[in-house]
Amino acid sequence: MEESPDPPFVETYKNLLDTNILNEEHNDLFMVEECELPLINLHELKYGDKLEREECKKKIAKASREWGFFQVVNHGVSPNILGEMRTEQVKLFKKTFNEKMNIDKSLNFSQGSYRWGTPTATCLRQISWSEAFHVPLSDVSKGFSSLSSTMEEFATTLSELAQELARLLAEELGDYNYKLDYFKETCLASTCYLRMNRYPACPISPQLFGLMPHTDSDFLTILHQDEIGGLQLFRDGKWISVKPNHEALIINIGDLFQAWSNGVYRSVEHRVVTNKFKERFSTAFFLCPSYDTEILSCVEPCLYRKFTFREFRQQVEEDVKNFGYKIGLPRFLVSTN
């Protein structure tokens with residue numbers, strides 16, 4: 001019998017699934033309204049007149065304040081690159097589970113780049129029915145395969161777009177003590193990364209998440225997803241489902257930008273829900289600083305105390321280990337006592 005590419009979810013989480021399989025508490029996962037994210041045409045930013053450029057910047061800043069999410073078209077990433085990246089990604093994930101578990105060396109990826117499920121899960125709500133390759137940009141250029149060359153082209157283009165958007169958002173904060181090359185100097189190839197995701201069809205959907213509710217621990221994220229859907233975000237006290245747009249890239253604000261902007265830009269909780277019949281693919285680029293970079297707002301009074309990216313990551317890891325989920329920015333609020 002041909003070996004499956006899927007991780008052994010059922011065997012690994014058998015006790016949790018047997019105990020909770022009749023629990024209906026997750027049936028609300030798909031019962032949410034679908035929405036379209038604010039859509040921004042970056043052609044205006046690149047080729048518009050002065051008024052159009054300024055208007056485009058204001059739209060990006062407004063979406064980052066009010067939604068924490070937006071989508072961009074005419075973003076400069078060629079459809080060929082996006083298509084090749086998806087083809088290579090699907091090829092990689094179609095390998096058997098055992099091949100994927102031992103693939104780091106042949107692809108020159110750092111050890112442990114392949115991840116699946118939730119090792120610390122103690123209940124159904126903590127299981128993520130997904131697998132991923134988590135690849136620092138410094139690993140992307142090491143290989144000699146078609147996957148490596150495609151990833152390098154993809155990562156380079158998305159990195160440039162992320163830098164441009166971060167710089168623009170910083171400038172839109174107004175009288176901010178902002179150094180022009182801040183993101184270029186702090187967001188390094190060793191800490192920025194690509195994450196290739198696959199969400200296998202889930203036989204007990206919608207009781208399980210594809211990816212648990214979370215916020216991103218970076219400055220900003222750029223996501224390219226397929227047409228299957230499943231991304232949801234929390235807005236105005238309820239979950240809403242993001243309508244896929246094959247021409248658009250999705251941008252969302254991360255925790256570091258929320259702290260750095262003193263809460264002006266919003267890092268919004270989001271999740272992925274499973275699909276009973278179809279697998280889903282996505283690729284995300286994460287703009288992250290070096291571990292020693294200090295995050296501190298120059299706006300007074302500061303909502304968050306000064307912290308390094310290393311300190312933030314360590315606190316997140318500790319909370320996930322102790323509680324099964326990330327707490328994030330509330331850990332770093334300035335005391336009101």
Side-chain angles (χ1 to χ4, degrees), residues 23-40 59-72 118 120-121 123-130 132 165 169 195 197 199 202 205-225 228-245 248-275 280 282 284 286-287 303-304 312 315-316 319-320 323-333:
N23 190 331
E24 297 298 315
E25 66 177 358
H26 280 215
N27 280 355
D28 67 330
L29 291 187
F30 281 139
M31 305 287 287
V32 300
E33 175 189 346
E34 188 176 60
C35 77
E36 291 200 25
L37 295 175
L39 181 65
I40 295 164
K59 286 179 188 173
I60 292 170
K62 184 173 189 281
S64 300
R65 289 194 308 269
E66 296 179 1
W67 283 77
F69 269 80
F70 56 96
Q71 53 187 340
V72 294
T118 312
T120 56
C123 64
L124 281 190
R125 279 207 181 273
Q126 292 174 2
I127 296 175
S128 288
W129 193 276
S130 57
L165 292 171
L169 285 167
R195 186 178 173 97
N197 303 299
Y199 302 89
C202 178
S205 174
Q207 292 212 48
L208 296 180
F209 292 118
L211 199 59
M212 281 174 60
H214 66 286
T215 55
D216 288 350
S217 301
D218 61 354
F219 277 116
L220 58 81
T221 306
I222 302 180
L223 178 74
H224 178 231
Q225 62 169 350
I228 299 303
L231 175 64
Q232 298 182 348
L233 58 95
F234 197 68
R235 176 172 163 79
D236 296 334
K238 63 182 181 181
W239 287 99
I240 54 177
S241 182
V242 175
K243 186 176 182 180
N245 179 342
L249 294 173
I250 292 174
I251 318 292
N252 68 275
I253 301 298
D255 297 335
L256 302 187
F257 226 143
Q258 177 167 320
W260 198 75
S261 69
N262 209 37
V264 173
Y265 300 136
R266 296 175 54 206
S267 178
V268 171
E269 194 175 25
H270 51 286
R271 66 189 186 187
V272 177
V273 294
T274 51
N275 188 301
R280 174 182 182 263
S282 70
F286 296 86
L287 185 68
L303 294 175
Y304 304 96
F312 188 81
Q315 183 65 64
V316 168
D319 287 337
V320 169
F323 306 109
Y325 57 88
K326 169 186 170 180
I327 294 173
L329 281 179
R331 286 283 196 200
F332 298 88
L333 284 167

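Atom set for the values below is all heavy atoms of this structure, side chains included, hydrogens, waters and symmetry mates excluded.
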Whether the side chain of [X] engages the backbone of [Y] through a donor-acceptor N/O pair (distance < 3.5 Å, no angle test) should be reported.
{"X": "Asp216", "Y": "Thr221", "value": "no"}
{"X": "Ser261", "Y": "Tyr265", "value": "yes"}
{"X": "His224", "Y": "Ile222", "value": "no"}
{"X": "Arg235", "Y": "Glu66", "value": "yes"}
{"X": "Thr274", "Y": "Phe209", "value": "no"}

- prompt: Any Lys/Arg nitrogen of Lys243 or Glu34 sitting under 4.0 Å from an Asp/Glu carboxylate oxygen of the other?
  reply: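 Result for this pair is no, no salt bridge flagged.
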Thr215/Lys326 under side chain to side chain contact (heavy atoms under 4.5 Å, CB included): CA gap, chis, key distance, verdict: CA-CA 8 Å; Thr215 55; Lys326 169 186 170 180; 3.1 Å; yes
For the [atom1] atom of [X] and the [atom2] atom of [Y], what is their distance to the nearest 0.5 Å?
{"X": "Ile250", "Y": "Phe70", "atom1": "CD1", "atom2": "CZ", "answer": "11.0 Å"}
{"X": "Phe286", "Y": "Leu220", "atom1": "CZ", "atom2": "CG", "answer": "11.0 Å"}
{"X": "Lys62", "Y": "Ile40", "atom1": "NZ", "atom2": "CD1", "answer": "10.0 Å"}
{"X": "Leu208", "Y": "Arg125", "atom1": "CG", "atom2": "CZ", "answer": "10.5 Å"}
{"X": "Ile253", "Y": "Trp260", "atom1": "CD1", "atom2": "CH2", "answer": "11.5 Å"}
{"X": "Arg195", "Y": "Leu223", "atom1": "CZ", "atom2": "CG", "answer": "11.5 Å"}

- prompt: Do Tyr304 and Phe332 have their ring centres less than 6.0 Å from each other?
  reply: no
message: Within the 4.5 Å heavy-atom criterion, are Leu329 and Phe312 side-chain neighbours or not?
response: yes
message: Within the 4.5 Å heavy-atom criterion, are Gln71 and Leu249 side-chain neighbours or not?
response: no
Ser241: side-chain hydrogen bond (donor to acceptor under 3.5 Å, both in side chains) partners, not counting sequence neighbours: none
- prompt: Checking side chain to side chain contact (heavy atoms under 4.5 Å, CB included) for the pair Gln126/Met212: CA distance, chi angles, key distance, verdict?
  reply: CA-CA 6 Å; Gln126 292 174 2; Met212 281 174 60; 4.1 Å; yes
query: Is Arg266 close enough and on-axis enough to Trp67, meaning under 6.0 Å and within 45°, for cation-pi?
result: no
Option passing side-chain contact (heavy atoms from CB on, under 4.5 Å) with Arg280 (candidates Asn197, Val272, Asn275): Val272
- prompt: Is there a ring-ring contact (aromatic ring centres under 6.0 Å, His included) between His270 and Phe69 once you walk through the steps?
  reply: CA-CA 10 Å; His270 51 286; Phe69 269 80; 5.2 Å; yes
field: side-chain contact (heavy atoms from CB on, under 4.5 Å) involving Ser130 - partner list, sequence neighbours excluded
entry: Ser128, Tyr199, Leu211
- request: For side chain to side chain contact (heavy atoms under 4.5 Å, CB included), just list the numbers for Val32 and Val273, CA-CA rounded to whole Å, side-chain angles, deciding distance to a tenth of an Å, and then say yes or no.
  value: CA-CA 11 Å; Val32 300; Val273 294; over 6 Å; no
- request: Would you mind telling me which of Asn252, Asp255, Asp218 makes a side chain to side chain donor-acceptor pair (under 3.5 Å) with Ser267?
  value: Asp255
- prompt: Should the ring pair Phe323 and Tyr325 be called parallel, tilted or perpendicular, given that the plane angle runs from 0 to 90° and is split at 30 and 60?
  reply: tilted
message: Checking Gln225 against Leu231 for the side chain to side chain contact (heavy atoms under 4.5 Å, CB included) test, could you report, in this order, the C-alpha distance in whole Å, the side-chain angles of both residues, the deciding distance, and whether it holds?
response: CA-CA 9 Å; Gln225 62 169 350; Leu231 175 64; 4.1 Å; yes
